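First the structure, in the form of structure tokens, and then the observations on it.
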Amino acid sequence: MAIHIETPVIASRALSLRTGKDVRLKLETLQPSGSFKTRGIGHACEIYRSRGAKRFISSSGGNAGYAVAYAGRMLQTPVTVVVPASTSQRAQDLIRSEGAEVIVHGASWMEAHAHAQQLMTASDAFLHPFDDPLLWTGHATMIDELARQGERPDLVICSVGGGGLLCGVVEGLQRNGWGAVPVLAAETAGAESLAKAMEAGAPTLLPGITSIATSLGARQVCDRALALTREHRIESVVVPDAASVAACEEVLLEHRMLVEPACGASVAALHSASPLLQQAQSVVVILCGSVGITARQLAQWSAEFAS
Ligand SMILES: *Cc1c(COP(=O)(O)O)cnc(C)c1O
């Protein structure tokens with residue numbers, strides 16, 4: 001039983017007219033948990049449970065933690081999510097609404113994460129938000145669907161936080177015979193961990209995260225993501241927060257869907273000067289989703305960046 005649903009891919013008339021390309025959107029934002037995370041995390045949870053896990057543990061207060069809570073309810077398996085005090089009440093309530101236990105511990109994610117590790121017993125499974133091959137294999141199902149849903153695109157655009165989505169997209173392209181399809185990897189300035197690692201040609205730790213796109217806020221990408229940049233045609237693009245917020249407004253206006261800046265970054269990348277983009281006629285954007293955005297928050301950011 002898959003935990004995720006099959007999502008539609010739609011042609012975006014508005015984005016196609018604006019870019020002069022054939023732009024399609026893979027609507028991961030329609031997943032019941034609000035984001036693509038449910039693909040990889042759902043798959044990993046199923047495997048861990050078949051191996052005897054009695055409880056799932058996570059330390060994410062964002063889309064990953066919520067996806068674990070959702071998968072736990074689907075699999076009738078208890079979930080504990082440890083989050084730092086900075087996690088919004090709304091995010092905590094959402095995770096609890098799936099029946100998960102939420103423990104608030106520490107001021108930063110590092111402390112919450114350390115506490116989650118301490119809680120682990122032999123019968124628990126820990127769900128990493130991006131660095132787990134089971135996650136990548138689950139994420140890759142979005143490309144399996146794309147291959148069934150239509151023609152091979154010239155380019156796929158996806159956002160990069162810790163790189164789990166990128167690893168899944170590439171795995172999916174390769175396992176569908178689309179290994180020659182390049183990927184444009186979008187990040188926001190202040191969360192550009194992949195861009196910095198590609199520049200340095202080595203694992204690189206950002207000193208901090210200064211972007212509002214908190215779902216992209218991994219200070220270092222997983223080793224596999226960096227390795228893939230040498231095995232597959234991957235180009236990095238970094239967009240300002242203001243551009244990703246404007247892209248969220250564009251998606252809301254044109255497609256009536258509310259997404260967070262982590263997702264807007266991929267749409268903003270359509271307007272970048274990327275060489276890969278110049279060469280592409282048909283482009284699929286992974287509209288990766290979000291559970292942590294409200295209309296009010298987006299309006300606030302728009303006002304801030306306009307002033
Ligand atoms: C997790 C997430 C990302 C980044 O995914 P990684 O696997 O960490 O690279 C991007 N957008 C959204 C909405 C997410 O939830």
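First listed ligand is number 1; within each ligand, the first listed atom is number 1. What you are looking at is a predicted structure, and each value in this text was computed from that prediction instead of being measured. Residues: numbered from 1 along the sequence shown.
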Next item on the list: If the plane angle is over 60° it's perpendicular, under 30° parallel, otherwise tilted; pick one for His139 and Phe36.
Entry: perpendicular
Next item on the list: Verify the neighbour count for atom CE of Met110: are there more than 12 heavy atoms of other residues, nucleotides or ligands below 6.0 Å?
Entry: no
Note to self: Would you call the rings of Phe126 and His128 parallel, tilted or perpendicular, taking 30° and 60° as the class edges?
What the structure shows: perpendicular
Check: Do the side chains of Phe305 and Asp241 get nearer than 4.5 Å, heavy atoms only?
Finding: yes
Notebook entry, point to check: Which of the atoms of ligand 1 are close to Val160, meaning less than 4.0 Å from one of its heavy atoms?
Noted result: 9 (O)
Next item on the list: Provide, to 0.1 Å, the distance between atom 10 (C) of ligand 1 and the closest protein heavy atom, together with that atom's residue and name.
Entry: Leu216 CD2, 3.5 Å
Check: Counting each atom of ligand 1 from 1 as listed, which ones have a heavy atom of Gly162 under 4.0 Å away?
Finding: 6 (P), 8 (O), 9 (O)
Margin query: Using a 4.0 Å cut-off to any heavy atom of Ala262, which atoms of ligand 1 qualify?
Written below: 11 (N)
Check: Nearest protein heavy-atom contact for atom 5 (O) of ligand 1: which residue, which atom, what distance?
Finding: Phe36 CZ, 3.6 Å
Checklist line | Closest approach of any protein heavy atom to atom 4 (C) of ligand 1, naming residue and atom | finding: Gly161 N, 3.5 Å
Next item on the list: Go through ligand 1 atom by atom and flag the ones less than 4.0 Å from a non-hydrogen atom of Gly289.
Entry: 13 (C)
Note to self: Tell me the nearest of Asn63, Leu165, Val259 to atom 7 (O) of ligand 1, using heavy-atom distances.
What the structure shows: Leu165
Next item on the list: For Gly164, counting its heavy atoms only, list the atoms of ligand 1 lying under 4.0 Å from any of them.
Entry: 6 (P), 7 (O), 9 (O)
Check: Would you say Leu166 touches ligand 1, if touching means a heavy atom closer than 4.0 Å?
Finding: no
Notebook entry, point to check: Within less than 4.0 angstrom of ligand 1, does Gly163 place any heavy atom?
Noted result: yes
Next item on the list: Apply side chain to side chain contact (heavy atoms under 4.5 Å, CB included) to the pair Met120 and Thr80, showing each step before the final yes or no.
Entry: CA-CA 10 Å; Met120 290 282 294; Thr80 297; over 6 Å; no
Check: Nearest to atom 1 (C) of ligand 1, what protein heavy atom do you find, and at what distance?
Finding: Lys37 NZ, 1.3 Å
Item checked: Lys/Arg-Asp/Glu bridge criterion (N-O < 4.0 Å) met for Glu101, Arg96 -> no
Checklist line | Protein residue, atom and distance nearest to atom 11 (N) of ligand 1, heavy-atom basis | finding: Cys288 SG, 3.2 Å
Margin query: Between ligand 1 and Phe130, is the shortest N or O to N or O distance under 3.5 Å?
Written below: no
Next item on the list: Could you tell me whether Glu187 and Lys196 make a salt bridge, using a distance below 4.0 angstrom between a side-chain N and a carboxylate O?
Entry: no
Next item on the list: Please indicate whether Arg13 has more than 12 foreign heavy atoms, meaning atoms of other residues, nucleotides or ligands, lying under 6.0 Å from its CZ.
Entry: no
Margin query: Measuring from atom NZ of Lys54 to atom OH of Tyr48, what distance do you get when rounded to the nearest 0.5 angstrom?
Written below: 16.0 Å
